[in-house]
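Notes follow once the structure below has been shown.
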Amino acid sequence: MPEQGREQWTSRLGFILAAMGSAVGLGNVWRFSYVTGENGGAAFLLIYLICILLIGIPIIMAEFTIGRKAQSDAVGSFEKLAPGKPWKVAGIMGVAAAFMILSFYGVIAGWISYYFVNYLTGNLWTMPAEGYDGFFVNFITNTWHPLIWQFIFMVLTIGIVFVGVKKGIERANKILMPLLGILLIVLSIYSLTLGGASEGLAFLFTPDWSALADPKIYIAALGQAFFSLSLGMGALITYGGYLSQKENLPGAAYSVAGLDTLFAIISGIMIFPAVFAFGIAPDSGPGLVFMIMPDVFDSIGFGGGIFGLAFFFLLAAAALTSAVSLLEVAVAYFIRKFSWTRQKGVLIIGGIIFLIGIPSSLGQGVLSNISIIGDRDILDSFDFIASNIFLPLGGLIIALFMGWGWKKADALRDSDYGDSAIGQLWLFLLRYLAPIAIFLIFLSSIGFFSTGVE
Ligand code: PFF
């Protein structure tokens, strides 16, 4: 029986759309492009795709299965299915990851919203005196402006979760996400005409195999796969928990993973040819999208600003449906744990997450001399800890829980795989391949396999 007062998706489509809305977001455009650019392009993309196929999809299925079975939140699901056992640590880490990720996600989404408004007012339709790069740097290093936009974005996120996730996001997912897909396709075709097509496509699709020798690309690809699929922190457990009827879970999992990957690759085809056409370094970091896309819109000439407007609007909407799922993970847990009303939980948790995000915003300007991990600034450090450590570790525990903590027959039945060969393969991946691969990637990222020769 579902817990009292819990929402449920009204239809199969509602659930799939919500899961897709969670997956498709800044991770596909902003994060995918800069992380791919920083890690050498095609070789990274290949590892990323392998991670999605062999680790991501099996764990999506595990999260869906756990969520639907338990009908609870990220932590409660483990408590219900395995009372008194330590598995719930995955859920606790997931809630912590939700706080960390949404804290900086709100900052970047705030930047996107600011660009949207600047296209709305026409301010960015022509190049500002300081250039598009200068405009970007001036904005993010300013103390107050980015904070205001982070605040506005968080208020929108809080507002939607306040009225209830289902009501709040259905329309955005049904209409705006397909529009974003179409726009990205149109822009990628245009980008291919800009003169950097062969270099851009080669960067994205022709691997430089020597890049595989660098241990850091494996952890980056794994982290990107988890981040982009909204995986490893119970977001999909939480959404699966609002499922009522029998659904076909494998079909839903493949659609979510397939669509998410398609969005990322199309974004890559949109961004990298332009990166080479305009002579920007692919490894420019988190500002890549903000520096390159205004050049693209500018080059369209008359009316290019309309594309800029649509791009930043639709991306902000996609960010919003992802942010909603991040906030929902934390809120669902706290309102059950402390018997708060949804409204109270949303305001408290949303407010705290906004505050946690402030250093990430200031880290671009007044606090830019602070680095936490290596030479990463504050935002980057939050991202690294959450996406490259917490999410894969959560995924590892979820894989072990489904693979070893459930009876085989139950796992196959509850996942809708039944006694099929693909179901057996799924359990094999969860039991052995995914945990071992994640473990090895962790070891390699701390330099375990390095020969000491750089
Ligand atoms: N998948 C989202 C994106 O690609 O933008 C980010 C995200 C949402 C990560 C929800 C994790 C999560 F639970």
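Hydrogens, waters and symmetry mates are skipped; everything else that's a heavy atom, side chains included, is used.
The CG atom of Asp377 sits 8.5 Å away from atom OG of Ser371, with the distance rounded to the nearest 0.5 Å. The SG atom of Cys51 lies 10.0 Å from the CG atom of Leu229; values are rounded to the nearest 0.5 Å. In this structure, CG on Leu222 lies 12.0 Å from CD1 on Ile217, to the nearest 0.5 angstrom.
No more than 12 heavy atoms of other residues, nucleotides or ligands sit less than 6.0 Å from atom CZ of Phe151. Within 6.0 Å of CG on Asn369 lie more than 12 heavy atoms contributed by other residues, nucleotides or ligands. The number of heavy-atom neighbours closer than 6.0 Å to CZ of Phe439, taken from other residues, nucleotides and ligands shown, is 12 or below.
Separation of the Phe116 and Phe313 ring centroids falls under the 6.0 Å cut-off. Note: Trp87 and Phe78 fail the aromatic proximity criterion, with ring centroids not under 6.0 Å apart. For Phe139 and Trp149, the distance between ring centers is not under 6.0 angstrom. Taking the six-membered ring for Trp and the full ring otherwise, Tyr115 and Phe312 have centroids separated by under 6.0 Å. Ring centroid separation for the pair Trp404 and Tyr432 comes in under the 6.0 Å cut-off. A ring-centre distance under 6.0 Å is found for Phe15 and Phe64.
A salt bridge does not link Lys216 with Glu38: every distance from a Lys NZ or Arg NE/NH1/NH2 to an Asp or Glu carboxylate oxygen is 4.0 Å or more. Between Arg68 and Glu63 there is no salt bridge, since no side-chain N of the basic residue sits under 4.0 Å from a carboxylate O of the acidic one.
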Decide side-chain contact (heavy atoms from CB on, under 4.5 Å) for Leu147 and Leu362; before the verdict, give the C-alpha distance in whole Å, the side-chain angles of both, and the deciding distance to 0.1 Å.
-> CA-CA 8 Å; Leu147 278 183; Leu362 298 180; 4.1 Å; yes
Show your reasoning for whether side-chain hydrogen bond (donor to acceptor under 3.5 Å, both in side chains) applies to Tyr242 and Glu328.
-> CA-CA 12 Å; Tyr242 302 133; Glu328 180 65 16; 2.3 Å; yes
Could you walk me through whether Tyr48 and Phe32 pass ring-ring contact (aromatic ring centres under 6.0 Å, His included), step by step?
-> CA-CA 10 Å; Tyr48 169 67; Phe32 174 78; 5.6 Å; yes
Just do the ring-ring contact (aromatic ring centres under 6.0 Å, His included) check on Phe203 and Phe272 with the steps written out, would you?
-> CA-CA 8 Å; Phe203 181 79; Phe272 288 105; 5.0 Å; yes
List the steps, then state whether side-chain contact (heavy atoms from CB on, under 4.5 Å) holds for Arg31 with Ser387.
-> CA-CA 11 Å; Arg31 200 176 189 282; Ser387 313; 3.4 Å; yes
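Between Tyr34 and Trp30, the ring planes lie tilted relative to each other; the angle falls in the 30° to 60° range. The aromatic rings of Trp426 and Tyr417 sit tilted relative to each other, their planes meeting at an angle between 30° and 60°.
Checking side-chain atoms of Ser191 against main-chain N and O of Ser188 turns up no donor-acceptor pair under 3.5 Å. With Tyr218 contributing its side chain and Leu212 its backbone, the two residues share a donor-acceptor pair below 3.5 Å. Between the side chain of Asn28 and the backbone N or O of Gly25 there is at least one donor-acceptor pair closer than 3.5 Å. Of the possible donor and acceptor atoms, none in the side chain of Ser77 sits under 3.5 Å from a partner among the backbone N and O of Ala74. Put simply, the side chain of Ser230 never gets that close to the backbone of Phe226: no donor and acceptor are under 3.5 Å apart. Although no hydrogens or angles enter the test, the distance criterion places no donor-acceptor pair under 3.5 Å between the side chain of Ser22 and the main chain of Ala18.
Remark: Arg342 is not positioned above the aromatic ring of Phe162, lacking an NZ or CZ atom under 6.0 angstrom from the ring centre and at most 45 degrees off the axis.
For the 3.5 Å distance criterion, the side chains of Ser228 and Asp260 qualify, holding a donor opposite an acceptor. For the residue pair Gln150 and Tyr114, no side-chain donor N or O sits within less than 3.5 Å of a side-chain acceptor on the partner. A donor and an acceptor atom, one from each side chain of Ser415 and Thr65, are nowhere located under 3.5 Å apart. Neither side chain, Lys80 nor Gln71, offers a donor N or O lying under 3.5 Å from an acceptor on the other. Counting only N and O atoms by type, the side chains of Gln224 and Asn39 include no donor and acceptor under 3.5 Å apart.
Phe334 pairs in a side chain to side chain contact (heavy atoms under 4.5 Å, CB included) with only one of the listed residues (Ile348, Asp73, Val95), which is Val95.
Nearest heavy atoms, Tyr105 versus Ser322: OH-CB, 3.3 Å. Between Leu320 and Thr157, the closest heavy-atom pair is CD1-OG1, 3.5 Å. Between Ala90 and Ile397, the shortest heavy-atom distance links the atoms CB-CG2, 3.7 Å.
For Phe44, there are no ring pair (Phe, Tyr, Trp, His ring centres under 6.0 Å) partners two or more places apart in sequence or in a different chain.
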